[in-house]
Amino acid sequence: MIRLEQVGKTYLNGTALTVLDDVTLSIASHEYVGILGPSGSGKSTLLHILGLLDRPSRGRFLYRGRDVATMSDEEASRTRGREIGFIFQSFHLIPNLTVLENVEMPLFYQGVPAAERRERARARLEQVRMSHRLTHAPSQLSGGERQRTAIARALVTQPLMLLADEPTGNLDSKTGQDILGLLDELHAEGTTIIMITHDIGIARRLPRLIRINDGRVTEEADR
Amino acid sequence: MIAPSRIAEFMSSGARNLLRHKLRSLLTLLGVFFGVAAVITMLGIGEGAQRSVLREISGLGLRNIIAESIQPTKPVETSSSQSGRRGLRLLTFGLTHRDVRQLQSLLPQADSTITHMLAARVYLNSSRVDARAMGVLPDYFSFFHAQVIAGRGLTEADEERANRVAVVSENLAHLYHPPGSLAARPIRIGQVFYEVVGVVRQAAQGGDSRVFIPYRTARTTYGTTSIRREAGSVEFTKSELGQIILRLPSEEDVPAAASLVRRNLEMNHPQGDFRMTVPLEILSAKQRTQRILNLVLIAIAAISLVVGGIGIMNIMLAVVTERIPEIGIRRAIGATRQDILYQFLAETVTLSSIGGVLGCLCGFILVPLASRFTGWEGVITPGAVIASLAVSWLVGLVFGMAPAIRASRMDPVEALRYE
């Protein structure tokens, strides 16, 4: 599904800062992959590149066989909207919108009619056990509820791949377990999941682990 | 292109965002509100002024050319009949029947009529009435679109027999209550009484009060010489004709005919004892001034709209900064740059359109109010409403563009990281 060939990323903010260097890896459909590394290791940048939010400075990135370098910004955005779901450490819900509206939002950008959007968003919120909070604002929710809402939003488009950036980082351990359980369920249903974490305990639970350090993949472990 | 239903969704979500910050939105749209209110008020009053000028002057007959006798402004050798007594002299001036014949042969296509102005004073029940008496031919009234609103006008028979009858202008009609009492109260011009037979309404004459009697009556009763007594001296003046009025078949003929008449009269009256009035020329001169005034007013309104627009732009730039994380989120879940652009544009256009609608409504209050206090006529045309709404919409679009572009160009990764 995804293939990176000698991908590097350098930021040019006054001085050149290389955050990713010579990364080569492949991820197949239905995989459940952890990316483990300390903060500043470049794992977020890697996730942004995988999610078509950012582009490599060097090397080749094939997304479902397509060279990402040939995609226009609009194509990348549309592909991202249709096929990729993001889950962030700090949830990233839009504070002005209700739970239901937040979950509807990705479908809006796909041009789905309002009634169908509402229908599908409700279904997803039910799946993550958030049906009782549809009209609440994000600020009225607990951390776990916020992350469940964010997961519903990521799932509402039925993406091929979920990208999770430290999804449990802002949650207490019990709620974190709850969220991880939810992701496990989704993987069992066939969703490809790539999860960033710096928690070795969490990483150990995953079938495949990629360690990253100073912008380089130092170890690929399959279990 | 973007589908209308999408535009509606962008607009409604924009409107909801605006409702979340009611005070800020209100303050932001004030600029456009005042701008549009100013535009529509200016247009309304401008239009009203235009119409009243048009009505006033078209009452003079836009196809007419009016020449009238006046006391010469240039020195003239007084006629030989100057008597031995000091301060007693006869002054002959003004238009003559010869002028009429010449003008008729110059402009055979024009109708013409003449009047005889009387210096004699007008009395009703032995009290002085502030009105000008003149002798006119029966067709005089048709030259000025005058309407008989009570009784009758002057007829050929009146003219033929030099009847002692009079028609008064509308603003003297209040002297006759009830209206049926016209005949019962004869009017006196100089020393002669006239039976009042009718009242005419003449749009152009404005505040001037007039008493019309048959031309022949005027000529035979008062002659062409009038006497004016002034402090210690008596002045005799003689003028053959009061006015010559020419009516051209169409307005297009007026400018050429006017210069022809002017040249002819200037040649025959080098002493300048005549005055020409060409209503069409007055109208175009007034319309020119009106247009300039309108331009100035519109420019002032435009400035307030620009200021309003800058206000909107300023706030929207702040809003974009405030919502950087949201932009990142929206990009991450599939919004294209264009989607972000539309989102912010929709918000600005919604804001400015609301300002426009409110400003328009305000104009509907201001225009009648302004016309009440200034006495000007105010007219809000559908065109003015459409123009001012379009302008408010345009202000949103133009001044919203910079913030929206800034939002759409934002790098999604940086936007997501922004705290």
Side-chain angles (χ1 to χ4, degrees), chain A residues 9 11 13 19 44-49 51-55 71-98 101-114 117 137-138 150 152-157 159 163 165, chain B residues 1-22 24-25 316 318-344 346-347 350-351 405 407-419:
Chain A
K9 180 73 187 176
Y11 286 111
N13 273 343
V19 276
S44 284
T45 301
L46 180 58
L47 196 81
H48 290 147
I49 288 176
L52 308 181
L53 273 173
D54 209 347
R55 288 171 186 238
M71 279 190 194
S72 70
D73 188 77
E74 186 180 344
E75 265 182 284
S77 302
R78 299 253 177 254
T79 309
R80 183 161 65 234
R82 268 197 313 272
E83 302 178 3
I84 302 171
F86 280 97
I87 301 165
F88 300 98
Q89 177 176 1
S90 48
F91 325 123
H92 281 336
L93 297 173
I94 297 176
N96 298 334
L97 303 181
T98 64
E101 287 166 340
N102 263 289
V103 177
E104 275 182 46
M105 190 56 63
L107 296 175
F108 172 74
Y109 289 117
Q110 289 184 24
V112 176
R117 288 205 304 258
R153 183 180 64 189
L155 292 175
V156 76
T157 60
L163 298 178
D165 189 350
Chain B
M1 262 324 286
I2 178 167
S5 63
R6 299 281 286 166
I7 295 179
E9 290 210 45
F10 275 118
M11 297 282 268
S12 76
S13 95
R16 289 179 40 197
N17 263 326
L18 298 171
L19 281 176
R20 262 177 212 111
H21 302 278
K22 289 188 190 67
R24 184 170 76 184
S25 303
M316 287 311 289
V319 166
V320 167
T321 306
E322 182 186 282
R323 301 232 293 256
I324 286 175
E326 178 186 325
I327 295 166
I329 297 165
R330 286 177 185 265
R331 293 301 310 273
I333 62 178
T336 61
R337 282 181 181 169
Q338 210 181 43
D339 289 329
I340 301 293
L341 184 84
Y342 287 153
Q343 181 196 332
F344 282 96
E347 207 165 311
T350 305
L351 194 62
I405 287 177
S408 73
R409 295 244 174 101
M410 205 149 285
D411 176 34
V413 173
E414 273 177 41
L416 280 172
R417 279 200 201 115
Y418 188 88
E419 290 302 332

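- The two residues B:G334 and A:Y109 come nearest to each other via the heavy atoms O-CB, 3.9 Å.
- For A:Y11, the part sitting under 4.5 Å from any heavy atom of chain B is the side chain, from C-beta outward, and nothing else.
- In this structure, chain B has no heavy atom under 4.5 Å from any part of A:Q110.
- The two residues A:L53 and B:P412 make their nearest non-hydrogen contact at CD2-CB, 3.5 Å.
- Looking at B:Q343, the atoms closer than 4.5 Å to chain A (heavy atoms on both sides) all sit in the side chain, from C-beta outward.
- In plain terms, the two heavy atoms of A:L93 and B:I329 that are nearest each other are O-CD1, 3.9 Å.
- Using a 4.5 Å cut-off between heavy atoms, A:R82 does not touch chain B at all.
- For the set B:R323, B:R417, B:R16, B:R330, the entry with the most heavy-atom pairs within less than 4.5 Å of chain A is B:R330.
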Exercise for the section: Would you sort out whether B:D339 and A:E74 count as a side-chain contact (heavy atoms from CB on, under 4.5 Å), showing the intermediate values? Expected result: CA-CA 10 Å; B:D339 289 329; A:E74 186 180 344; over 6 Å; no

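- The contact between A:T45 and chain B is made entirely by side chain atoms (from C-beta outward), counting heavy-atom distances below 4.5 Å.
- If you measure heavy-atom distances from A:F108 to chain B, the contacts under 4.5 Å come from both the backbone and the side chain.
- For chain B, the nearby part of A:H48 is the side chain; its heavy atoms alone come within less than 4.5 Å.
- Taking CG of A:L107 as the start and CD1 of B:I333 as the end, the distance is 9.0 Å to the nearest 0.5 Å.
- For A:D73, the salt bridge (charged side-chain N to carboxylate O under 4.0 Å, His left out) test picks out B:R331, B:R337, with sequence neighbours left out.
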